[in-house]
Amino acid sequence: KSLLSELQMLACYRIQQLHSQIHEQDRIEQSMGRDSNTFATKSSDLVVEARKLVAFAVLAATIDNVNHSDRDTISNGTCSSRWKPLAQMAGIWTSYADKLQIEAFLD
């Protein structure tokens, strides 16, 4: 595997971790009341990090598609394999993606 695909995989794992932390933070905020700015700031910082990692993971898959011809894709499945980690966790990362990132995935 290439360094880019390894970094993409790490980004995907971190997105899953952040997703859990964000939901836990939301649960804590709801139980304590939404008055607490400390929790809101922490939760929003986690969302910002998740969005940056989603942007990287989608970019990594897109770069791979640009760098390989259709013949390479058919022969060894390299291009589609970069989308596989994102496909496996689409229900998570799409919460932090923008419209263009989702469209790139669906194309």
Side-chain angles (χ1 to χ4, degrees):
K1 285 188 172 184
S2 71
L3 178 60
L4 187 59
S5 65
E6 294 293 334
L7 290 172
Q8 182 197 38
M9 187 63 70
L10 285 173
C12 288
Y13 288 138
R14 179 65 179 149
I15 293 164
Q16 290 175 328
Q17 183 182 43
L18 287 169
H19 185 70
S20 295
Q21 290 176 332
I22 290 165
H23 282 285
E24 179 64 17
Q25 223 30 64
D26 287 345
R27 188 189 64 74
I28 292 169
E29 287 175 30
Q30 288 175 358
S31 68
M32 298 182 81
R34 293 249 177 208
D35 312 353
S36 178
N37 289 334
T38 305
F39 290 120
T41 301
K42 184 172 182 179
S43 183
S44 65
D45 290 346
L46 295 174
V47 170
V48 168
E49 183 180 350
R51 287 185 178 149
K52 288 178 183 178
L53 289 168
V54 165
F56 170 77
V58 170
L59 180 62
T62 305
I63 287 171
D64 191 54
N65 280 344
V66 170
N67 289 337
H68 291 86
S69 69
D70 289 339
R71 187 169 46 97
D72 291 338
T73 303
I74 293 167
S75 65
N76 63 22
T78 304
C79 292
S80 62
S81 69
R82 287 275 173 89
W83 289 107
K84 187 176 180 178
L86 292 167
Q88 291 173 333
M89 54 178 278
I92 295 174
W93 71 266
T94 52
S95 301
Y96 311 105
D98 63 29
K99 182 179 177 181
L100 291 175
Q101 292 162 340
I102 295 171
E103 287 176 1
F105 173 73
L106 294 174
D107 286 341

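Just the heavy atoms: all of them, side chains too, but no hydrogens, waters or symmetry mates, feed the values below. Given the structure is predicted, the values throughout are model-derived calculations rather than measurements.
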Sole candidate of S95, S43, S44 that passes side-chain contact (heavy atoms from CB on, under 4.5 Å) when paired with I22: S43
Taking all non-hydrogen atoms of both residues into account, name the closest pair between T62 and A104 and its distance. OG1-CB, 4.4 Å
Please name the pair of heavy atoms, one in I15 and one in A50, separated by the smallest distance, quoted to 0.1 Å. CG1-O, 4.3 Å
State the [atom1]-[atom2] distance between [X] and [Y], to the nearest 0.5 angstrom.
X: D45; Y: Q25; atom1: CG; atom2: CD; value: 10.0 Å
X: I92; Y: H23; atom1: CD1; atom2: NE2; value: 8.0 Å
X: W83; Y: D107; atom1: CH2; atom2: CG; value: 8.5 Å

For R14 and Q17, what are the C-alpha separation, side-chain angles and deciding distance, and is it a side-chain hydrogen bond (donor to acceptor under 3.5 Å, both in side chains)? CA-CA 5 Å; R14 179 65 179 149; Q17 183 182 43; 2.5 Å; yes
Given 3.5 Å as the limit, does a donor-acceptor pair link the side chain of Q8 with the main chain of R82, or not? yes
Please answer whether the main-chain N or O of C12 pairs with a side-chain N or O of W93 as donor and acceptor at a distance below 3.5 Å. no
Would you mind checking if K52 and E49 are paired as a salt bridge, meaning a charged N to carboxylate O distance below 4.0 Å? no
Sequence neighbours excluded, which residues qualify as side chain to side chain contact (heavy atoms under 4.5 Å, CB included) partners of L100? D98, E103
I would like to know whether V58 and F105 meet side chain to side chain contact (heavy atoms under 4.5 Å, CB included); could you show each step before the answer? CA-CA 7 Å; V58 170; F105 173 73; 5.7 Å; no
According to a 4.5 Å side-chain heavy-atom criterion applied to Ile, Leu, Val, Met, Phe, Trp and Tyr, with indirect links allowed, do V54 and V48 form part of one hydrophobic cluster? no
Run the side chain to side chain contact (heavy atoms under 4.5 Å, CB included) check on Q101 and Y96 step by step: do they pass? CA-CA 10 Å; Q101 292 162 340; Y96 311 105; over 6 Å; no
